[in-house]
Number of protein chains: 2
Amino acid sequence: MAPTSRDIAREAGVSQSTVSRAMRGDARVTVETRHRVAEVADRLGYMPNRSAQSLKSRRSQTVGVVVADLRNPYFLEIVDGIQDELNLAGYRSFLVTDRLDFGRGTELVDVLGGSVDGVIFASSRSADEAPIRLASRGMPVVLINREIERQGFDRVLSDYGMGGILAARHLHELGHRRIGLITGPSSLAVFRDREREFRRVLAEFGTPFDERLRREGLYTHQVGSQWCADLMRRPDPPTAIFCADDVVAFGALDAALQLGLRVSDDLSLMGYDDIEMAAWEMFSLTTIRQPMGDMAREAARLVLQRIGGLAMDEEPQRRVYAASLVRRASTGPAKTEPLDDGST
Amino acid sequence: MAPTSRDIAREAGVSQSTVSRAMRGDARVTVETRHRVAEVADRLGYMPNRSAQSLKSRRSQTVGVVVADLRNPYFLEIVDGIQDELNLAGYRSFLVTDRLDFGRGTELVDVLGGSVDGVIFASSRSADEAPIRLASRGMPVVLINREIERQGFDRVLSDYGMGGILAARHLHELGHRRIGLITGPSSLAVFRDREREFRRVLAEFGTPFDERLRREGLYTHQVGSQWCADLMRRPDPPTAIFCADDVVAFGALDAALQLGLRVSDDLSLMGYDDIEMAAWEMFSLTTIRQPMGDMAREAARLVLQRIGGLAMDEEPQRRVYAASLVRRASTGPAKTEPLDDGST
DNA sequence: CGGGCGAATGACTACGTATGCAACAATAAG
DNA sequence: CTTATTGTTGCATACGTAGTCATTCGCCCG
């Protein structure tokens, strides 16, 4: 049905080899031959068979990208950045969500294995098994914002500890003393790092974190909304809440509206990531920014390096990106309690 | 480096054919043989080479999915639905955004051609060239919410005309007589259909559309925000605006907030699609719902049918889904003008 | 007890391309 | 006019697997 390089060769009066070379822009082919081949190929609607190309050249020119759930814009911005960089290098990306693959990660290995030249894990959900199994088969693997005990992975990380510090300082400076925390799954190192530093700073300021104001869950709107409502219905509600990410903060904002609270006046809200939407007027969310785009592009560059021949036993790379505070309107001075400079 | 089926065969003391059959669960292989092969494969970390499989079986078990821009949740919900259905059938999806490929669509053909068994176009941006070229090469193509003159494509459509009617009725019933319209690119049939019906209904009600209240642009937050501000700064601003989609409505809402307008009281806003976010308390957006998930799954089913052998010259399928009104808090009765039942 | 039959497996080839190597033509140098 | 050289092209092969056909073996039935 579909014409092959042999068909093109016959029609153009050259050999199949020449067609192959002409299509790939090999300089050893005369300009006129190249033109003739191109003309015939176009006329017959020839498309090189990717499978055959990959089989022969042992490269699929494709990198697997694993994210937890595209519904969270955090992942979108990462996917976007990766694609930009991969496309520049002539590579394609094969996007996989492990939403359905919650537990074991074996299916993930089957889907990716043998069809990509490398994999970038931006997911924080799937078990550690998938990256380890892939890497042990010689597949280049890069992790974004993800810690795995096993060594040997290239990693791109945002400094979540620093994020926790910046958030704690900001809220404390505004005078908040009762601060709620809605954090992500504590199985993930990034959330543990952030929480640890957040609490450390608060304690240093002399206002240790109140355990009863802690909530944990997935980073979804639903979770933010539910826990925020839960926290604010307490007899002693917090005056500020630090959320797992921006989407969770939107959920919290939603709950606050439903409870008739004015954000910033009655309740300060902080998010994390600084996704595009956080800047929308209606949210105007104070948040901790991590440069998702830069990190994603760096991850793509790292995986391309490994694919390009950088031996697997070369020193694993580790790139850490600083976090920064983005002040907007969702946080404001605490009203109910007097300002009390607790710094030592 | 990576073990092949031959390596497994040697190690397990069987032939390569048997390994192939065992891996694919062929019933003709003894249970014990299958187990032995599976054990060896697992031990050596064998992964079948997808390229070789595809080359031999002439199927990649992959369907290309083309969307304009993942940043719009409308596309996300479609991608999600497609993936659900494809995964059920053991197919994978290869996601491509044609964001960078604005004009010609040839690059798109190169990326998809020869590597997928079928393509679903949910994009409304790229030129008509890509689907036509792919189809002319015998590739099954399904279009979602997209009209192309050329016949022979399976299509899944939402009834945009009906959406326009529902919106016009709703706003008119609320008493609005000065209604703004921020629509999508008029190069797209769906937007033309909707606008035509929208205007027809308004005219029938005796309150023809005021051309000066029409704006057009891409379906982005930015566009909604900009045009809404533009419309509301007029000496005779509209009392309601019907937006191209929900994201545009969010932009409009943003602008309204910035201008100090109260949504629903000072200005009614309607979106289109009913993406998940539209139900968030802070938006509570009245909108026209189209069942993106159902449509996406149907599109997947259609493309799988064609791949499964339904001849290309079989009657092209055409599935039209009804639109429905979802009333929420962003629309309310017009205040400034007296209710005037213009119905005949 | 032998012929035949079915179940299980093995040998072999083709899928469409990339690529090393040989062949060839054209040109330059001797 | 011969030989070396450079630049183009053709030939042949291998990539790893699926599937066709052939083979083996055990078993049932006549």
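Letters A, B, ... are given to chains in the order of the sequence lines, protein chains preceding strands, and every chain is numbered from 1.
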Looking just at side-chain N and O atoms, do S158(A) and N145(A) make a donor-acceptor pair shorter than 3.5 Å?
-> no
Full working for side-chain contact (heavy atoms from CB on, under 4.5 Å) between I148(B) and F153(B) | CA-CA 8 Å; I148(B) 291 185; F153(B) 293 106; 4.2 Å; yes
Looking at every strand, decide which applies to S51(B) at a 4.0 Å heavy-atom threshold: base, sugar-phosphate, or nothing.
-> nothing
Select base, sugar-phosphate, or nothing to describe what R24(A) touches, counting heavy atoms under 4.0 Å on all strands.
-> sugar-phosphate
Does NZ or CZ of R92(A) fall inside the cone over F94(B)'s six-membered ring, less than 6.0 Å from its centre and within 45° of the axis?
-> yes
Determine whether the side chains of T18(B) and S15(B) contain a donor N or O and an acceptor N or O closer than 3.5 Å.
-> yes
Could you tell me whether S17(A) contacts a base, only the sugar-phosphate backbone, or nothing, with contacts defined as non-hydrogen atoms closer than 4.0 Å?
-> base
Which two nucleotides bound the region of DNA chain C that has atoms under 4.0 Å from heavy atoms of chain A, read 5' to 3'?
-> dG16(C) to dG20(C)
For the side-chain contact (heavy atoms from CB on, under 4.5 Å) test, which of R146(B), Q290(B), E147(B) pairs with L157(B)?
-> E147(B)
Result for 5'-nearest mapping on DNA chain D, choosing between A52(A) and Q53(B), is A52(A)
Leading and trailing nucleotides of DNA chain D with any atom under 4.0 Å from heavy atoms of chain A | dT8(D) to dG16(D)
Indicate yes or no: does D26(A) engage R24(A) in a salt bridge with an N to O separation below 4.0 Å.
-> no
Before giving the answer on side-chain hydrogen bond (donor to acceptor under 3.5 Å, both in side chains), spell out for D154(B) and Q305(B) the whole-Å C-alpha distance, their side-chain angles and the decisive distance to 0.1 Å.
-> CA-CA 11 Å; D154(B) 290 334; Q305(B) 263 183 30; over 6 Å; no
NA contact type, V14(A), heavy-atom cut-off 4.0 Å: base, sugar-phosphate, or nothing?
-> sugar-phosphate
Which is true for T4(B) with a 4.0 Å heavy-atom rule: it touches a base, it touches only sugar-phosphate, or it touches nothing?
-> sugar-phosphate
Within the structure shown, what part of the strands sits under 4.0 Å from V29(B) by heavy-atom distance: base, sugar-phosphate, or nothing?
-> sugar-phosphate
Within the side chain of T4(B), is there an N or O that forms a donor-acceptor pair under 3.5 Å with the backbone of R6(B)?
-> yes
Pairing of E315(B) and R306(B) as salt bridge, 4.0 angstrom limit = no
Give R21(B) one of three labels, base, sugar-phosphate or nothing, depending on what nucleic acid heavy atoms sit under 4.0 Å from its own.
-> base
Residue pair R28(A)/M23(A) against DNA chain C: nearer the 5' end by closest nucleotide is M23(A)
Is R6(A) touching bases, backbone alone, or none of the nucleic acid, heavy atoms closer than 4.0 Å?
-> base
Is R59(B) atom CZ crowded by more than 12 heavy atoms from other residues, nucleotides or ligands, each under 6.0 Å away?
-> no
Please round to 10 degrees the angle between the axis of the first five pairs and the axis of the last five pairs in the helix from dC1(C)-dG30(D) to dG30(C)-dC1(D).
-> 50°
Could you check whether S54(A) gets within reach of a base, just the sugar-phosphate, or nothing at all, counting any heavy atom under 4.0 Å?
-> nothing
Residues R43(A), E39(A): salt bridge by 4.0 Å N-O rule = yes
